[in-house]
Amino acid sequence: MVQQPDHRDWSGIAALGLIWGATFMVVAIALEGYGPITVATARTTLGAVTLLMLMRITRRKMPAMSAQLWWFVTVIGVLSTALPFVLLSWGQQYVPSAFAGLSMAAVPLMVLPLAHFFSDEPMNVRRLVGVSLGFSGALVLIGPGLAQLGQGAEPLAQLACIGAAFCYASSSVITRRCPPIDPITLSALTLVVGAVILLPIMLMTEGTPTWQGTRSGLAIIILGLIPTAFATLLRVSIIRSAGSVFMTLVNYQVPIWSMVFGAWILSEALPLRFYIALLMILTGLAISQWFSLRKMLIGR
């Protein structure tokens with residue numbers, strides 16, 4: 001059963017919106033000195049080490065790992081860390097950080113149909129209307145790129161960002177169905193899975209990383225500690241407590257913050273279609289989750 005969100009869930013959603021909204025800016029800065037695989041690997045590995053240390057400090061023990069639990073941990077690790085981190089890091093070489101952040105607004109639109117078929121949160125006509133409007137907004141966002149497939153890297157980079165959103169949506173639903181396990185332990189193990197997958201790929205493709213200066217070096221460290229380790233823990237806790245649909249509320253904030261940071265800090269030029277897509281996607285989200293939002297906001 002999905003529990004009624006409490007004040008800790010709401011605080012977590014607000015924190016995640018700001019953290020993940022700023023993440024795309026930090027990734028762009030890290031890419032100034034490092035390759036995309038290195039950025040993805042470093043944030044995954046640093047996050048894993050941080051949470052493993054936290055497990056030791058809090059004296060958490062490894063659970064009895066059944067084949068079923070290993071399957072969940074592995075799939076969640078691939079879909080929530082390894083694959084989307086690589087897709088976003090590679091994509092952000094060719095698209096603005098604001099585009100990557102805006103593409104994350106598609107996550108809840110993808111979660112709703114997935115949760116209908118594979119979890120305990122059914123779809124209805126209102127949600128279908130909202131999802132349809134939101135996906136229309138996503139098409140406004142990537143439409144020009146789709147028309148130019150095969151003409152340079154930017155269209156593929158746009159699809160990579162949308163692909164990362166689908167990974168996050170899938171992992172949210174699978175996390176909800178995961179057998180009972182401590183959130184810190186689950187977060188640590190999923191990041192370990194991502195690190196184990198990405199480390200050999202990084203060494204084979206980009207080699208051993210070296211310090212590339214304060215700006216990009218600090219960006220790598222921040223990525224590992226805050227939006228990866230801390231945010232992964234917070235995300236898992238919220239999903240297990242309040243459900244994957246409630247978790248999608250963070251995606252109302254992420255595209256807005258990413259556009260603010262992209263324009264304000266990185267001086268990115270944001271075309272008109274970004275704003276049109278943002279309006280359509282957020283409207284679709286509001287329609288699809290209207291009664292949930294109303295109940296959570298005004299308590300009835």
>> If hydrophobic clusters are built from ILVMFWY residues whose side chains come within less than 4.5 Å, do Trp264 and Val95 share one?
In response: yes
> Below 4.5 Å, heavy atoms only, C-beta onward: do Leu218 and Ile29 meet side chain to side chain?
Replying inline: no
> Hey, does Leu46 have a side-chain heavy atom less than 4.5 Å from the side chain of Thr228?
Replying inline: no
> Does the side chain of Leu31 reach to within under 4.5 Å of the side chain of Val39, using non-hydrogen atoms?
Replying inline: yes
> Is any side-chain heavy atom of Thr41 less than 4.5 Å from a side-chain heavy atom of Glu206?
Replying inline: no
>> When you group the ILVMFWY residues by side-chain heavy-atom contacts below 4.5 Å and let the links chain together, are Val192 and Leu203 in the same group?
In response: yes
>> Within the 4.5 Å heavy-atom criterion, are Ile256 and Leu282 side-chain neighbours or not?
In response: yes
>> Heavy-atom count check: over 12 atoms from other residues, nucleotides or ligands less than 6.0 Å from Trp90 CH2?
In response: yes
> Which heavy-atom pair separates Ile220 from Ala42 by the least distance, and what is that distance?
Replying inline: CG2-CB, 3.6 Å
>> Go through it in stages, so that I can follow the logic: the residues are Met55 and Leu52, the test is side chain to side chain contact (heavy atoms under 4.5 Å, CB included), and I'd like the CA-CA distance, side-chain angles, deciding distance and then a yes or no.
In response: CA-CA 5 Å; Met55 283 182 61; Leu52 287 174; 4.2 Å; yes
> For Ala98, does its backbone N or O pair with a side-chain atom of Glu268 as donor and acceptor, under 3.5 Å?
Replying inline: yes
>> Which heavy atom of Gly163 sits nearest to which heavy atom of Leu87, and what is that distance?
In response: C-CD1, 3.8 Å
>> Please give me the minimum heavy-atom distance between Ala165 and Ser103, naming the atom from each residue.
In response: CB-O, 3.6 Å
> Does the side chain of Arg43 reach to within under 4.5 Å of the side chain of Thr23, using non-hydrogen atoms?
Replying inline: yes
> How close do Ser89 and Pro36 get, heavy atom to heavy atom, and via which atoms?
Replying inline: CB-O, 3.3 Å
> Mind checking whether Leu88 and Tyr168 have side chains closer than 4.5 Å, heavy atoms only?
Replying inline: yes
>> Return the OH to CG distance between Tyr34 and Leu223, rounded to the nearest 0.5 Å.
In response: 11.5 Å
>> Would you compute the distance between atom CG of Leu69 and atom CD1 of Ile181 and round it to the nearest 0.5 angstrom?
In response: 4.5 Å
> Which atom pair, heavy atoms only, marks the closest approach of Ile19 to Pro227?
Replying inline: CG2-CA, 3.6 Å
>> Counting neighbours of CE on Met53 that are heavy atoms of other residues, nucleotides or ligands and sit closer than 6.0 Å, is the number greater than 12?
In response: no
>> Would you compute the distance between atom OG1 of Thr185 and atom CG of Leu54 and round it to the nearest 0.5 angstrom?
In response: 9.0 Å
>> Can you confirm whether more than 12 heavy atoms, excluding those of Phe72, are under 6.0 Å from its CZ atom?
In response: yes
> Could you give the distance from CD1 (Ile13) to CD (Gln253), rounded to the nearest 0.5 Å?
Replying inline: 7.0 Å
>> Nearest 0.5 angstrom please: Trp71 CH2 to Ile76 CD1, how far?
In response: 8.0 Å
> Is there a chain of hydrophobic side chains (I, L, V, M, F, W, Y, each step under 4.5 Å between heavy atoms) that links Val49 to Trp211?
Replying inline: no
> Does Thr58 have any side-chain hydrogen bond (donor to acceptor under 3.5 Å, both in side chains) partners at least two apart in sequence or in another chain, and if so, which?
Replying inline: Arg60
> Is Leu279 reachable from Val254 through a run of hydrophobic residues whose side-chain heavy atoms are each under 4.5 Å from the next?
Replying inline: no
> Looking only at heavy atoms, what is the nearest atom pair of Ser171 and Ser80, with distance?
Replying inline: OG-CB, 3.7 Å
> Applying the 4.5 Å side-chain criterion to the ILVMFWY set and letting contacts propagate, would Leu270 and Phe261 be lumped into a single cluster?
Replying inline: yes
> Would you say Met104 and Trp20 make side-chain contact, with heavy atoms under 4.5 Å?
Replying inline: no
> In Å, rounded to the nearest 0.5 Å, how long is the span from CZ of Phe230 to CG of Leu51?
Replying inline: 11.0 Å
